[in-house]
Number of protein chains: 2
Amino acid sequence: MIEINTGNNLCQIAPELKFANLCVLTFLLDEKTFAILGLDVYVPQELTNISPNKGGQVRPEELPEIRHLHLFRDMAHANFEALMASSYAQNFPQGLEMIRQGDPADFLHIVLEGSVELFARWSGRECTMSVVRPVSTFILAACIRDAPYLMSARTLERTRIILIPSSDLRAMFRRDTEFSVSVINELAACYRAVVRNAKTLKLRNSRERVASYLLRQSLLAGGVVSYTLPVEKRLLASYLGMTPENLSRTLRMLEADGVKIDGARVIITDRDKLAALAHPDRLIDGPDEIADGNGSALPRAE
Amino acid sequence: MIEINTGNNLCQIAPELKFANLCVLTFLLDEKTFAILGLDVYVPQELTNISPNKGGQVRPEELPEIRHLHLFRDMAHANFEALMASSYAQNFPQGLEMIRQGDPADFLHIVLEGSVELFARWSGRECTMSVVRPVSTFILAACIRDAPYLMSARTLERTRIILIPSSDLRAMFRRDTEFSVSVINELAACYRAVVRNAKTLKLRNSRERVASYLLRQSLLAGGVVSYTLPVEKRLLASYLGMTPENLSRTLRMLEADGVKIDGARVIITDRDKLAALAHPDRLIDGPDEIADGNGSALPRAE
DNA sequence: AGGAAAACTTGATCGAGATCAATACAGGCA
DNA sequence: TGCCTGTATTGATCTCGATCAAGTTTTCCT
């Protein structure tokens, strides 16, 4: 019997529970101690009365929105059910690093509510690779290769996640051809998304990256003249490969080039002028191929 | 009848030949004119007497090395044969832009001899994305999505290529489960390779990129102390996201950090010192997952 | 072998973007 | 409501890497 003393709660966990199979692992400091989050230990209520590999159940009303993902919509119904039966749901508080790069990829993740930042760390530095919003999958490739995660993930707010064991996933695409075709399409789209990303980084300077980002967001939101930035500027800056200070300055300078920024509000004042600077390119700025978890974009505006 | 007048050669091409289905397309300037390469028009000998979609045959002795690729080694023999029967081979001279980004991805390419540079262009600038050596595939993702190429490709030397029609490829992974699993694995590996690439670009400065590149090459070649750079420095510079001038300077400066460069020869003089600077990281520098065409690396040394 | 073209190197200068520092602002929580 | 923490902005300065220019070496082609 393992006990977790949170000060005002005392949780007891069945000894046969295998922590390594649960995402709780991410804040298990050692064999016996959980990381403290704020003043409370984060202990999902499901944890105290579940058997290994089960976790919180996926709620029935959530199944349709998962099923609707390109990854799952074409597979046989029975197979989808089987996959969901072996999966479980988990709620994470804000600011929790739920995936640490280098860890084995035991689960495919699906964001149902909230949002998740995927980021990379190296030598003390870190950078935002993408922000994932509902309903999307992430870290598919690592699960398939049964390889360590290349990116870390942290919640930007309270977030509900579905976890599908990688092994079930890998078994499934050998059994269900339609599913394997979906995986192929998803991976190919993800690959192409990162390539576009790499092209922007290597071919455009920071001013051009910002300009094309602003223009693209406008188009994604349906060609609107005004929209709200879907992420914090510090994340946008990191995603675009620049410092927050420089993003701030660049946004100000761009006011001479057809776009006005007021807080998180973006107003396109002269689309042609902005486009002349951004040189939008179908092969970089899309329209993207459809993919539910491309792993290298920020959410769209609105 | 279409005629091509090269000055000293006059080629005649059967009118039923559909250019759009041939890679010759890449140097067809308009309906009637071919681009001139140097002093000669490049006209593959196969072109004058082949029917559409056939091209030069794949030679029997080449089949085993193609079959040996991870992408093809697990599929049913009959299916592999069928795929090869619908494919054809083509020899390209040096310096030919055989794929232009934005064109529809009609063929999966396999390099059998020579080498190919994949590069991206935007707004007059261009950068090297990868260099492909035998025996490898490239632009798999575009073929699968039936989408335009995101990168251009040009031969760095005389190069022999096998072209597999994308449509046959897509039909095949619905018929052959083992093949679809191979495609999944290949794509996942490719995706991860580009992510590593993006991480290097965003997290390391140019000195660190060069240092880690040099170190990684040494390891790939088996931990050797000395090796020859597998690509020209101008390509390496572009791949690493810097100018040739700066690469040259950086290489010189690194002599104080444990590595000596003499022409294309690299000699590691103090591995620990170099590693202290490069901070090699398994999640960026590999070892990579096995993939025959990752689309974002340079060839290994040796 | 000779000559042209391309690749590489080295130096001088410039500028984009990072860093440092200080302040203003907003959101979450008692 | 007011505090407090994290985010955003603005300015001053510095540095890394780009650009420009010139010279050297190598490669390739006739």
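- Phosphate contact (OP1/OP2 of dT10(D), side-chain N/O of Arg252(A), threshold under 4.0 Å): present.
- Atom C1' of nucleotide dC14(D) and atom CG of Asn246(A) are separated by 13 Å, given to the nearest angstrom.
- Taking atom CZ of Arg234(A) as the reference point, atom C1' of dA26(C) lies 14 Å away to the nearest angstrom.
- If you check dA18(D), dT7(D), dA18(C) against the side chain of Glu232(A), the one that comes closest is dT7(D).
- Within the structure, every side-chain polar atom (N or O) of Asn205(B) is placed at least 4.0 Å from both OP1 and OP2 of dC16(D).
- The phosphate of dA18(D) (OP1 or OP2) has a side-chain N or O of Thr243(B) nearer than 4.0 angstrom.
- Atom NZ of Lys202(B) and atom C1' of dA18(C) are 16 Å apart (whole Å).
- Comparing dC8(C), dG17(D), dT10(D) against the side chain of Ser248(A) picks out dT10(D) as the nearest.
- Side chain of Asp262(B) to backbone of Arg265(B): no donor-acceptor contact under 3.5 angstrom is found.
- Taking atom NZ of Lys233(A) as the reference point, atom P of dA26(C) lies 11 Å away to the nearest angstrom.
- Nucleic acid contact class of Arg249(B) (heavy atoms, under 4.0 Å, all strands): base.
- Between the CG atom of Leu247(B) and the C1' atom of dG11(C) there is a distance of 17 Å, rounded to whole Å.
- The backbone N or O of Pro280(A) sits nowhere less than 3.5 Å from a side-chain atom of Ser212(A) that would complete a donor-acceptor pair.
- Residue Glu245(A) places its side chain closer to dA21(C) than to any other of dA18(C), dG11(C), dA21(C).
- Aromatic ring orientation, Phe138(B) versus His109(B): tilted (interplanar angle from 30° to 60°).
- Using a 4.0 Å heavy-atom cutoff across all strands shown, Ser206(B) reaches sugar-phosphate atoms only and no base atom.
- The CD1 atom of Ile261(A) sits 17 Å away from the C1' atom of dT7(D) (whole-angstrom rounding).
- Checking Arg271(B) against Ser218(B) by side-chain atom types alone, a donor-acceptor pair falls below 3.5 Å.
- One atom, CG of Asp262(A), and another, P of dT9(D), lie 10 Å apart when rounded to the nearest Å.
- Whole-Å rounding puts the Arg204(B) CZ to dC16(D) P distance at 18 Å.
- In this structure, CD1 on Ile284(A) lies 11.0 Å from NE2 on His279(A), to the nearest 0.5 angstrom.
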